[in-house]
Amino acid sequence: MAATEPKPATDTTDYGVGHVAIIMDGNGRWAKNRGWPRLVGHRKGAERVKEIVRACPDLGVRWLTVYAFSTENWKRSTEEVLGLMGIFARYIQREADGLSAEGVRMRFIGERSRLDPKLQNLMAGIEARTAGNTRLNLTVAINYGGRDEITRAAAQIAREVAEGRLALEAIDEAALSARLDTADLPDPDLVIRTSGETRTSNFLPWQAAYAEYEFTPTLWPDFTPQVLAGILERFGARERRFGGVKG
Ligand code: IPE
Ligand code: IPE
Ligand code: MG
């Protein structure tokens, strides 16, 4: 495999999208538009995740990665941060049976040591419980930042070299990929950002190097499986060249 060729998703359908990654943005504005507290928007957003997870397998999507909390989101008020952490914990507790029954394998990416130990335990627990599932791979990015992830991988490589476990000549793109949180994931085919913002906010910068991007004005709490299906259909018409030429 040429160095910059993306790792392929294991399965694709006619839409040709094996791995969809979503920057779920706009919860705060959705709530503000209704005069409600931001956390109401986050709770509605978590409901949307459930619906999208359920819809993915029938749309041919086998890998779904969602951005739930960035390394930069700690800048928000304590109330909002704690509220979000509570939503993550409840999601894991309430969805554990359903996810297992639906054949969903759940994983997390991001730096975990800064999270509440109870939440870390819930995350490890559901990862272990769903490890044998294969229908859909759901990955949730919590305290995730692409620069942080790459920095940690670089430090890991330096450690291995210093300890004599890795030769300098063995450092290539695959070696770095293998030390990212996403080591077991294929690269995303399509990155969707909701809420009309056209930036990537530190989400999967390495992995999405050749992904297609779709920016939709829909706020995340209004994002439905129908909106996703429409985006996937448009994706099918795109030609991905990976630096080569047509045909
Ligand atoms: C996305 O919604 C969720 C998180 C970043 C946790 P926002 O909370 O960023 O919503 P807006 O952008 O303020 O509308
Ligand atoms: C990106 O949204 C992070 C998540 C969706 C979790 P933000 O709302 O934090 O991004 P910025 O601040 O608008 O770039
Ligand atoms: Mg936002």
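Remember, it's 1-based here, ligands and their atoms both numbered in the order they're listed.
Under the 4.0 angstrom criterion for non-hydrogen atoms, Ala68 is in contact with ligand 1. By the 4.0 Å heavy-atom criterion, Glu197 is excluded from the residues contacting ligand 2. At least one heavy atom of Arg38 sits less than 4.0 Å from an atom of ligand 1. For the ligand labelled ligand 1, residue Ser195 lies outside the 4.0 Å heavy-atom shell.
Side-chain N or O atoms of Asn143 include none that pairs as donor or acceptor with a backbone N or O of Phe69 at under 3.5 Å. Judged by distance alone, with hydrogens and angles left aside, the side-chain atoms of Arg240 form a donor-acceptor pair with the main-chain N or O of Tyr210 at under 3.5 Å. Counting only distance, with no hydrogens or angles, the side chain of His19 and the backbone of Pro186 share a donor-acceptor pair below 3.5 Å. Under the 3.5 Å distance criterion, the side-chain polar atoms of Asn133 are matched with a main-chain donor or acceptor of Val104.
Among protein heavy atoms, the minimum distance from atom 9 (O) of ligand 2 is reached at Asn73 ND2, 2.9 Å. Protein heavy atom closest to atom 13 (O) of ligand 2, with residue, atom name and distance, is Arg199 NH2, 2.8 Å. In terms of protein heavy atoms, atom 14 (O) of ligand 2 is closest to Ser201 OG, 2.6 Å. Closest to atom 10 (O) of ligand 1 among all protein heavy atoms lies Gly28 N, 2.9 Å. Remark: minimum distance from atom 2 (O) of ligand 2 to any protein heavy atom is reached at Arg193 NH2, 3.6 Å.
Minimum heavy-atom separation, Phe235 to Asp189: CE1-O, 3.5 Å.
Every atom of ligand 1 is numbered from 1 in the order shown, and the set under 4.0 Å from a heavy atom of Leu84 is 6 (C). Listed by number with element, the atoms of ligand 2 under 4.0 Å from a non-hydrogen atom of Asp25 are 2 (O), 8 (O). Within ligand 1, counting atoms from 1 as listed, the ones closer than 4.0 Å to a heavy atom of His42 are 3 (C), 8 (O). Shown in contact with Arg76 at under 4.0 Å from a heavy atom are these atoms of ligand 1, numbered in order with element: 4 (C), 5 (C), 7 (P), 8 (O), 9 (O).
On a distance-only criterion, Arg29 and ligand 1 share at least one N/O pair closer than 3.5 Å.
Between the side chains of Ser177 and Trp206, at least one donor N or O sits under 3.5 Å from an acceptor N or O. For the 3.5 Å distance criterion, the side chains of Thr216 and Glu214 fail to qualify, holding no donor opposite an acceptor. A donor and an acceptor atom, one from each side chain of Arg62 and Asn137, are nowhere located under 3.5 Å apart. There is no side-chain donor-acceptor pair under 3.5 Å between Arg114 and Thr71. Checking Thr200 against Arg193 by side-chain atom types alone, no donor-acceptor pair falls below 3.5 Å.
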Requested in this report: Start with the C-alpha distance between Tyr91 and Lys50, add both sets of side-chain angles, then the distance that settles side chain to side chain contact (heavy atoms under 4.5 Å, CB included), and finish with yes or no.
Outcome: CA-CA 9 Å; Tyr91 185 95; Lys50 292 182 200 172; 3.6 Å; yes
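Counting heavy atoms under 4.0 Å from ligand 2, residue Met24 touches it through the backbone alone. Within the 4.0 Å heavy-atom criterion, the part of Phe69 lying near ligand 2 is the backbone and not the side chain. With a 4.0 Å cut-off on non-hydrogen atoms, Ala141 does not touch ligand 2 at all. Here Leu219 has no heavy atoms under 4.0 Å from ligand 1, in either its backbone or its side chain.
The nearest N/O/S atom of Asp25 to the Mg ion (ligand 3) is OD1.
For Arg34 and Trp30, the positive end sits near the middle of the six-membered ring, less than 6.0 Å away and at most 45° from its axis.
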